[in-house]
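Presented below is the structure to which this report refers.
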2 protein chains.
Amino acid sequence: MKDEKKRGRPRGFDAKTAIAKAREVFWDRGFAAASLDNLSAATNLNRPSLYGAFGDKEDLYLDTLEAYRQDGMDVLAEALDPSLPLCDNLARVYSGALDIYLHGEIAARGCFLIGTATAEAIQHERVREVLGRSLNDFDGEIENRMHLAVERGELPGDADPQTLARLASAIMHSLAVRARAGDSRETLEAIARSGVELICASAERR
Amino acid sequence: MKDEKKRGRPRGFDAKTAIAKAREVFWDRGFAAASLDNLSAATNLNRPSLYGAFGDKEDLYLDTLEAYRQDGMDVLAEALDPSLPLCDNLARVYSGALDIYLHGEIAARGCFLIGTATAEAIQHERVREVLGRSLNDFDGEIENRMHLAVERGELPGDADPQTLARLASAIMHSLAVRARAGDSRETLEAIARSGVELICASAERR
DNA sequence: GTCATTTTATGCGAAACAGTACAAATGTTC
DNA sequence: GAACATTTGTACTGTTTCGCATAAAATGAC
């Protein structure tokens with residue numbers, strides 16, 4: 001599946017790092033307000049190279065969204081390590097998210113998807129599709145862990161994994177929005193803690 | 001406080017309805033992607049009139065945000081009618097929100113603030129300020145109702161109104177995002193229902 | 001009726017924008 | 001080394017954008 005050695009002049013850049021740089025621009029400015037000049041400067045690629053490698057601005061944006069989605073799922077899978085108790089898992093999920101959300105040069109950037117893709121979701125159907133799929137995949141991963149928790153007895157037998165997963169996701173969505181709105185780390189951590197307690201309480205109350 | 005009869009040519013339009021029309025444009029396209037031509041067409045005002053009445057694009061956007069915030073607080077206050085049980089209140093809050101979020105010509109628009117203001121919150125400090133204030137005011141209004149519920153015995157005496165309010169808000173934030181991501185009404189209503197049950201359960205479990 | 005004042009309409013201008021043509025550069029294959 | 005394939009840099013085009021300058025229109029003050 002690996003590409004054979006290509007003919008012609010080889011690329012002077014790495015596509016993944018270029019996408020990561022572009023993501024920074026989109027993350028701070030949003031899709032619409034990010035100009036190709038901004039992107040060109042951040043990636044050290046001139047416009048023809050960008051077009052050649054990624055297509056137009058929307059294509060590039062979709063690539064950054066997809067990469068973020070993948071990164072997020074990796075972080076999530078790691079945080080949900082099934083050898084740890086469910087409550088530790090959730091605490092790790094939120095803590096990992098906040099580490100990402102609270103970074104930023106100007107202000108806390110929140111979640112890349114929720115912070116920027118929601119704005120374009122109406123006019124750009126492909127963006128809406130990626131956004132919806134990302135949220136669902138995230139829910140699904142947590143739901144799997146909830147199922148496991150029921151099987152193991154970490155949660156009562158009548159607990160509904162889907163509902164609990166959506167609840168856990170709702171806390172994440174709230175953290176994503178609030179971080180970008182400027183809420184303090186203390187506030188966000190308190191919300192995360194109460195989210196963990198909420199789901200853990202439903203375990204103890206059997 | 002009412003304006004005296006002004007001299008000069010009177011306005012041929014109503015500022016509030018113009019702001020409402022402009023809001024539709026921003027709601028569908030986001031702030032950055034909405035052009036003054038879009039806004040001019042939607043409001044039936046030419047650009048000089050827009051500038052004269054509202055200032056530049058950002059000023060106008062802030063006006064639409066502020067109007068939305070005010071409308072939202074009015075709807076919220078109505079839904080939280082203290083002569084009804086707390087759980088009915090919450091169900092009304094979510095139901096009222098979904099009525100707004102699920103409207104839209106192209107796709108469901110979600111929450112105007114969360115769907116569009118988050119994207120601009122990094123680069124435009126005033127937008128971030130309005131967004132943060134709106135979220136906090138919303139929390140505060142619900143928190144007040146929670147306090148009342150504790151006093152009345154609708155909630156157990158050791159319930160923390162702030163935490164419960166933030167939890168209730170988190171469900172709202174999730175609905176706002178998911179609606180704009182294209183989730184079905186059924187899914188959103190199920191989430192809303194589980195949110196109500198969650199808080200009501202904490203009342204029954206005393 | 002005349003003047004002052006404010007709102008409308010037309011249209012301008014300078015800047016930013018996305019996307020591309022073309023040629024130079026840098027590799028591989030034969 | 002010659003032919004070819006791909007990437008890179010410069011420069012260009014046509015469009016869209018915002019914000020304003022200027023003048024016409026509509027009203028109140030006198």
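Values below: all heavy atoms of this structure, side chains included; hydrogens, waters and symmetry mates excluded. Each chain gets a letter, A, B and so on, in the order the sequences are listed, and its residues count up from 1.
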More than 12 heavy atoms from other groups under 6.0 Å of CD on A/E129: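 Atom CD in A/E129 is packed in, count exceeds 12.
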Without swapping roles, check the side chain of [X] against the backbone of [Y] for a donor-acceptor pair under 3.5 Å.
{"X": "A/N89", "Y": "A/D81", "answer": "yes"}
{"X": "B/R166", "Y": "A/I191", "answer": "no"}
{"X": "A/E143", "Y": "A/P161", "answer": "no"}

Rounding to a whole Å, what distance do you find between [X]:[atom1] and [N]:[atom2]?
{"X": "A/L50", "N": "C/dC17", "atom1": "CG", "atom2": "C1'", "answer": "15 Å"}
{"X": "A/R29", "N": "C/dA16", "atom1": "CZ", "atom2": "P", "answer": "12 Å"}
{"X": "A/R47", "N": "C/dA21", "atom1": "CZ", "atom2": "P", "answer": "14 Å"}
{"X": "B/R11", "N": "D/dA26", "atom1": "CZ", "atom2": "C1'", "answer": "15 Å"}
{"X": "B/E58", "N": "D/dT17", "atom1": "CD", "atom2": "P", "answer": "18 Å"}
{"X": "B/D14", "N": "C/dT7", "atom1": "CG", "atom2": "C1'", "answer": "15 Å"}
{"X": "A/Y51", "N": "C/dC17", "atom1": "OH", "atom2": "P", "answer": "12 Å"}
{"X": "B/L36", "N": "C/dA14", "atom1": "CG", "atom2": "P", "answer": "19 Å"}

Nucleotide nearest A/D37 when distance is taken to its side chain, options C/dT8, C/dC17, D/dC20: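 Of the candidates, C/dC17 comes closest.
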Nearest-neighbour nucleotide for the A/S35 side chain, D/dC20, C/dT20, C/dC17 considered: C/dC17
Sugar-phosphate only, base, or nothing, as touched by A/A32 at under 4.0 Å among non-hydrogen atoms: nothing
5' precedence on DNA chain D between A/R9 and A/N46 (nearest-nucleotide basis):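 It is A/R9, whose closest nucleotide lies nearer the 5' terminus.
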Residue-phosphate contact under 4.0 Å: A/K57 side-chain N/O, C/dG19 OP1/OP2: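 So the side-chain polar atoms of A/K57 never come under 4.0 Å of the phosphate oxygens OP1 or OP2 of C/dG19.
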Residue-phosphate contact under 4.0 Å: A/S49 side-chain N/O, D/dT8 OP1/OP2: yes
Residue whose closest nucleotide on DNA chain C lies nearer the 5' end, A/P48 versus A/A33: A/A33
Any B/Y94 side-chain heavy atom under 4.5 Å of B/R193 side chain: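 Result no, sub-4.5 Å side-chain heavy-atom pair not found.
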